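Values in this document were obtained by computation on a predicted structure and should not be read as measured data. In what follows, every chain begins at residue 1, and chains take the letters A, B, ... in the order their sequences are listed.
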Amino acid sequence: MTDTTASKTPLLCVRDLSVTFGDGPSAARVVDGVSFDLAHNRTLAIVGESGSGKSITSLAILGLLKHLGGRIAGGEMLFQSDVLGRRVNLDQLTENELRQVRGNEIAMIFQEPMTSLNPVYTIGSQMGETLALHQGLSRSNARQKAQEFLDLVRLPNAKRLLDSYPHQLSGGMRQRVMIAMALCCQPKILIADEPTTALDVTIQAQILHIIRDLQAKMRTSVIFISHDMGVVSEMADDVLVMKASKPIEAGGVKEVLSHPKAPYTQELLAAVPRIGSMTGTTMPKLFDIPGQEFAPETVPAKPVDRSKPVLEIEDLTVRFDIRGGLLSRVTHRVHAAEKVSFNIYPGETLALVGESGSGKSTVGKTIQQLQDPVSGAMRFHGQDIFSLPADDRKAFRKQTQYVFQDPYGSLNPRKTVGDSLIEPALVHGLVTSKAEAKDKIADLLVKVGLPADHAGRYPHQFSGGQRQRLCIARALACDPSLIIADEAVSALDVSVQAQVVNLLMQLQAEQGLSYLFITHDMAVVERISHRVAVMYLGQIVEIGSRQQVFENPQHPYTKRLLSAVPVLNPGVRPTRPPLEGEIPSGMRAVGNEPAPVTLKAVSDGHFVAEQAS
Amino acid sequence: MTEATQNPTASRFQRFRKSRFAKFEFVAGVTLTCVLTLLVVFSGVLFPGGGSEVNLLARLSEPFQSWENPLGTDPLGRDILARIVHGGRISLTVGLLSALGSVVLGTVIGLYAGYYRGILDSFVMRFADVQLALPFILLAITVIAIVGPGIDRIIILMIVSQWVQYARLVRGSVLSLREREFVQAAVSYGLPNWKIIFSHILPNAMGPLIILLTLNVANNILLESSLTFLGLGADPQTPSWGGMLSEGRSYIQTAWWITVFPGIAIMLTVLGLNLLGDWLRDELDPLSKTR
Amino acid sequence: MPVFRFILQRALQAVLVTLAVTLFVALAVRLTGDPAVMMTAESSSVTEEDLIRIREALGLNQPFYAQYLDFLKGLITFDLGNSFFRGSIADLISIALPSTLILAVASMGISILISIPLGIHAALHKGGISDQIIRVLSLVGLSFPNFWLGIMFVLLLSITFPILPASGFETWSALILPALTIGIILTATNVRLVRTQMLETLSAQYVMVARAKGLSEWSVIYKHALRNAAIAIVTFLGLQFGNLIGGLVVVELVFNWPGMGTLSIEAIAQRDYPLLQATVTILAIMIVAVNLAVDLVYGLIDPRIRVA
Amino acid sequence: QDTTLNVAQRQDPQNLDPIDTFRLSWGSIGSNVFDGLVFRGEDLELQPGLATGWEFLDDETRIRFTLREGVEFHNGEPFNAEAVKYTFDRLLGEEGEKGPQRSNYTSIGEVVVVDEFTVDFMMERPDPVLITKLAGYGAMIVPPMYIQEVGEEAFDMQPVGTGPFRVVEYTPTVGVTLEKFDNYWNGEAQVDEVNIRFISEDATRMAELLSGGVDIALNIPTPSVETIQNHPDVDLVAVDGPTVVLTRFNTANGITADPRVRQAISMAVDRVTIVEALLGGLASPISSAQGAKSFGNDPELEAYPFDPEAAKALLAEAGVVPGTEITLDMPNNDETFREVAQVISAFLGQVGLNVNIRTHERGVYFNDIIENGKTGEIFYYGWGGWTFDFDNTAYILYHTGERFNPYVSDEKLDELLDAQRQTYDRDVREGALQEVARYAHEQALDLPLYNTATIYGVNTSVEGFVPAPDDRARYMNVTLD
Ligand SMILES: Nc1ncnc2c1ncn2[C@@H]1O[C@H](COP(=O)(O)OP(=O)(O)OP(=O)(O)O)[C@@H](O)[C@H]1O
Ligand SMILES: Nc1ncnc2c1ncn2[C@@H]1O[C@H](COP(=O)(O)OP(=O)(O)OP(=O)(O)O)[C@@H](O)[C@H]1O
Ligand SMILES: [Mg+2]
Ligand SMILES: [Mg+2]
């Protein structure tokens, strides 16, 4: 790399960039007048709502728009190119020149790690391809170099990975491979488009750490695209805020995040759940959203009545058989839930947290009877469910309702939302006439803050947040006593997420609902829950009141989870230790059962698993 | 293949530019199919003679020479146009009935097999394998040797050997739909199975089903003509496109029009149906609906 | 080990399917009529004794299961026995099978050669003029009755402009018309398939990534996109093989191609049980084998189903 | 420079052994490879073949044949009395039982070798058509040593005879190649090689003929006649053949049980128009189930005239109301008759009979629909005895209990038919056969339609091809430009 010290001119200088799609009158301008400078060895974060044009801007820099049917309608992108030996306007380059820049001087990590790698080629060949192209390396040299970079992103067993195919890797590993691939030609600019959105907090922390580390080593300039303010605050030197294809605000990270000027930036920051912001309080608290319908004070913080639980779970165990071998015998089992026990009381929110794959959904599904347990007991208002005959058991599906993670996926795209909403009530005979149904639908819609006349619309005519409300409305249709919300807000934009969380809390206050709130987002948990249960490898390793768990985490895993959450504290780089390796899996050979943990009380209502060693 | 592997931006773009061709397909497909269907439906009114009036004096008249026989006549002096219009009845009946029969049978079985798995499911899959290994034409020839020729038998035969395709397709959709969250949601609030199958799964499996249906209607029209060509179809007095082709081939050098026009009729019909099917495919694409 | 298991399982399935097909054919064929009667159909003076004699000579007096077992035994030992009318079945098949295979491979070849570049071109220019022309043409190609197309070719290219022979199979030129007839129809479907598959893979994220790496268009399309599209294309081609054979039956007749289709149709007409059983079984084995091969190739090009 | 004659014919005989086949497709190959004791050429006259002469002895129970000397089979094996005896022992014995030819020759009791070049046929019963039958098919003389050496199965594929050509290669479903036999006893073939291809699809065979792919095409379908006539390079060669086409009546049931109805139908159909319009004039209307060349034909016998009015009157008289539905059955693979049937249907429509046409697979048609009497009122029948002797046809059509005669049972006919089989006296036989024809006509037992021509398409470069009425094309005297 020939970095001729910090020259005065910025490395990349974007001026008034506009991008349109389509032509003629129907042309859509998706990027409108974006300008920024990217200096050597600096990180520019582009933040903004979904669809504001962040990804398109980066594709424009790489000259890839035309493959999507887009066009640069105006502006220039000046870039100091070494391969071409001059300062060029990226928009004016021939395809051939562009190819020399792409991947070589400007590299990009795309938004979705799961689909960015070609499934039919090995990691080694996909990385080697770039090296051979831009650096003219021989096969074996390219392989050597690829391995070095895989080591650099701290992938274990890099040598073996070279011959692996993408599907054999977890999401986190794939994202690290992508980073290695983008960096292997030591580009001058690395564009990272939401590199961690799809990932778990702990893996996210790991990846952010790697990017920062490598940037420091290679003195690369980074354009970091994200909508997560916490992440931005950890990563960026400068920030550009976009909304609806236009730049809203730009400046140094401290300045923008601490003293936002534009109302949109302020709104965005308000919605960010900040971990630790609830320290000292015992009750859940609504998000403070400017201009929302109800004031936080309307939700009285009622103490939970702990005399009679709604739901009691005792030693619930769920395992999945993995078959293999010639006779397809069960060779392994996934111990998704091992002897899980907890209670939920009326009007209480129990948050079930843990890493991906720790068994949270399995517990939720078992309670909803979507999954059969291996053993264990479950009581609703004292009634033992599993001992009932199958038909009688189903009736209890009215008592509990499940809100699925993907609001779009869980609404039938071919039914009007009205039909979808009323279906559970119809099944359980809660409404009998058309008129009654209509009223009920209207009632439900209003309850979740949607206009009653939207009943005739189809799911695709709603926004993500609205759809999530619809799912909640449907769950309310049978007047359940318990709602299981499985990652019900993870897919949402921060501002929408805040609205939905508020809605849930408000409903709880009004109707005394209980929630089992499944998530891995600790910041949201802090807001919403009364109590928290932490799952690790199918077992509950820590359970206690929210305050106990957050303010006095005992189990190392809980600590790790908490420390992984990015903190919105501009300018301050996190000091958490880098995490290594992959999460251990719950899959075990038959006969090799995990040792059950024993929970030990730390204080009143706060239990922690005893350390094995 | 699944939605997940697609780049959302790109598919958005495809939607955005969903070309004018879609419209062309629709217009051309609908026009062709409608015109042909109308002709066939009103064949009795248009050509009351049924196209079977023999007139040996006018045999083998060339096309485009007279208003009386605009497309010429066959060796028995019968009007080609009238016969084509009447012959369409057989073709369309076979095409539609066989496809409808197999789609209903196949869908019900496919839904059941996919939803409940079990014995029926393995049976359907094995049956599909066997059926795949037997070329339909040979099967048809053998069976017709047993039961004798006839349009009704051809239709039944087509149903018997094609329902599996639908069953397989539906089963496949069901297997993936079963895991979709909205179905899981329906299970979670206790909807009975049959309701889940018919009100949640079936409507969402319709897309590919309809495409297969239009394809099969088209294909079965071709198959019928092949079978009639082999002498296994309708009786000689009933005009049918396949029959006309088969009768005309010996005259191919003297009177090309006997073969060429029914061939074109088949082509246009099949083309119309295929165009419609193509259009439907785009239309039923869930991505294009989210617009 | 798992690969081995996969192959074993598929092979076992293939054997079962073949068995089911043979059993079905053997049964169905015996319902079609008495070959002794058929054999003497146009001979005016046949007595019941004659018929019994013929049946005995043909081995038809044995119970069905014995006949079927005999047939299976023959199949396993590659001894297909004798036709009722025309000598050793192996001899007949040794002419018919290669010629059918040649025709099948040639038409498949034609269609692949045409449809892959065309389909890719259409996908790359989606919505453009050339794409629309290709789409319409492919639909038109789908709409021909195959035998009619064959007859039209003969009319045009053998009679009106006598460039190519209308029948025969010894010369390469005789292969062109029948292969073209089937090839065109296959091409029509394949172009559409290649086009949709390419559209799908071209819009995949990894293709964009490949471009972002600075790879040339050529390697983006042929190395990254096509290889992925091939997964679906190959499966489809396998499934199509059965249809191809069905189409061959009719087209062989038109071009007097001495293949398995012609042989089967003759066998049915004469109720030549052993011959019909043999031809249909061999066709079925071919189809099953091709699909088995496709499954294996599929594993080669798609590492995801290749179990590590 | 070798000359090769290319021929296309519709069918593959599937087996070249003369005793294993009854197909005309064998005749057009076998006649070039084999000889019989008697020879019948294109003029249908019986001449000495491998026998130079024959005489009836012992009250016509023994026939003595004097054999030609110096004749040799293609493999060099000599032709002699042993070969003749072997041929007939084989035909009448175990091997013959497997094939369809044996039943034609069961009148022969035994063949006795008198000396090397004389044999006696000891007759079981009189067989007036025997001498004719010795000129064809099952009676072709085969080489004993060769067959014993290579076995029966090899003989099916690679037979050896005494004819002008020897079989070089037979490829089932594809064709057969013949090569000139240099030691032929009766002259020398003009071409070195004959390449006969089997092309079943009519249109394709025509395409090959017109494009010069073949020099001679057999089995020309009537629709193509005009094309050939108009083509500069191809000639149409036609000759009256043995095949007659008729529609028969269900004389046992339905309205056709009434002779008046049958006569009415006979008068309602204009056979001349059918022949002219549909068959390109290449057929002749007939008044009985035989053509003009047939032994037993009566030129005096007049067919029913075409007279729709009279037909209507007769129908009315028989009490048949206009609009009555009747059924016509036919096999499904006869393209020409398919058209004829529809024209018949149109003619009958004119007199108030609505005809439904049913088609059946050929095999099923003959041995189920006809044999078991499942036909409708009218059914197709086509028959062509290569012997050109009405006995063959008439016996099948009218004699009680015959396989293809489900309905007619008439003492008078039985008597006449049996009687003519007892004598070799040609006049007696001819009288009896003519009487049969007349009686059938009066009763209108069937509606004889026409006698089709055997049509060949021949390239103008071919000289010396004489069309054989019985399809037994011979290529010995053919030359090529
Ligand atoms: N191929 C395309 N054709 C037409 N419009 C497109 C295309 N790709 C993106 N757009 C539009 O451009 C706008 C910006 O999209 P972009 O992908 O840059 O959003 P983003 O800011 O990256 O959002 P996200 O956070 O969801 O990734 C969106 O409104 C989108 O609808
Ligand atoms: N049907 C199944 N068959 C086999 N294994 C399964 C099945 N469902 C879940 N598992 C396994 O059980 C374990 C727990 O899965 P579960 O979905 O409960 O995790 P989770 O904590 O909800 O994770 P996430 O946050 O990713 O949703 C995982 O290792 C998963 O792979
Ligand atoms: Mg984006
Ligand atoms: Mg989960």
Side-chain angles (χ1 to χ4, degrees), chain A residues 55 58-59 61-69 83 95-122 125-127 129-134 160 163-168 178 181-182 184-185 187 191 193 324-328, chain C residues 1-13 123-128 131 197-234 297-308:
Chain A
S55 300
S58 54
L59 290 175
I61 294 169
L62 282 171
L64 287 171
L65 281 179
K66 73 164 199 285
H67 295 289
L68 288 171
V83 267
E95 188 62 22
N96 225 342
E97 290 168 322
L98 263 178
R99 271 205 285 271
Q100 292 175 50
V101 174
R102 272 187 216 145
N104 192 11
E105 291 188 300
I106 308 179
M108 177 155 171
I109 306 168
F110 282 82
Q111 206 162 351
E112 289 146 79
M114 303 312 256
T115 55
S116 288
L117 288 165
N118 192 331
V120 300
Y121 293 107
T122 58
S125 84
Q126 293 189 57
M127 288 185 74
E129 190 175 50
T130 326
L131 288 165
L133 181 74
H134 294 300
R160 219 193 59 210
D163 295 318
S164 308
Y165 288 92
H167 72 276
Q168 297 165 318
M178 285 303 297
M181 197 153 92
C184 69
C185 290
I191 305 175
D193 189 357
L326 262 180
L327 301 168
S328 98
Chain C
M1 182 61 180
V3 181
F4 170 70
R5 178 175 169 233
F6 173 73
I7 296 176
L8 198 79
Q9 197 181 343
R10 292 288 297 126
L12 198 74
Q13 231 173 50
L124 287 175
H125 299 90
K126 183 178 193 293
D131 176 37
Q197 287 310 318
M198 281 304 286
L199 276 179
E200 203 145 281
T201 44
L202 278 174
S203 65
Q205 181 94 25
Y206 52 77
V207 169
M208 190 58 87
V209 171
R211 287 196 172 113
K213 289 200 284 194
L215 298 182
S216 68
E217 258 325 88
W218 194 89
S219 58
V220 169
I221 291 167
Y222 286 89
K223 193 173 165 211
H224 285 268
L226 185 60
R227 171 85 180 262
N228 279 282
I231 295 169
I233 295 175
V234 165
V297 170
Y298 193 83
L300 280 184
I301 44 183
D302 188 356
R304 280 166 294 190
I305 72 155
R306 200 189 310 156
V307 204

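For C:Ser219, no part lies near chain A; criterion is any non-hydrogen pair under 4.5 Å. Contact annotation for A:Leu64: both backbone and side-chain heavy atoms come within less than 4.5 Å of a heavy atom of chain C.
Atoms OG and CE, on A:Ser55 and C:Met208 in that order, are 10.5 Å from each other to the nearest 0.5 Å. Here C:Lys213 contributes atom NZ and A:Thr130 contributes atom OG1; the two are 4.0 Å apart, rounded to the nearest 0.5 Å. Of the inter-residue distances, the one linking A:Asn118 atom CG with C:Arg227 atom CZ reads 8.0 Å to the nearest 0.5 angstrom. Rounded to the nearest 0.5 Å, atoms CZ (C:Arg211) and CG (A:Leu68) are 8.5 Å apart.
Contact annotation: the side chain of C:Val209 never approaches that of A:Gln126 to less than 4.5 Å [non-hydrogen atoms, C-beta and beyond]. In this structure the side chain of C:Leu215 reaches within 4.5 angstrom of the side chain of A:Glu129, judged on heavy atoms.
Interface check for chain C: of the options A:Gln100, A:Glu95, A:His134, the most heavy-atom pairs under 4.5 Å are formed by A:His134.
Nearest heavy atom pair, residue C:Gly214 against residue A:Arg99, reads O-CD, 3.1 Å.
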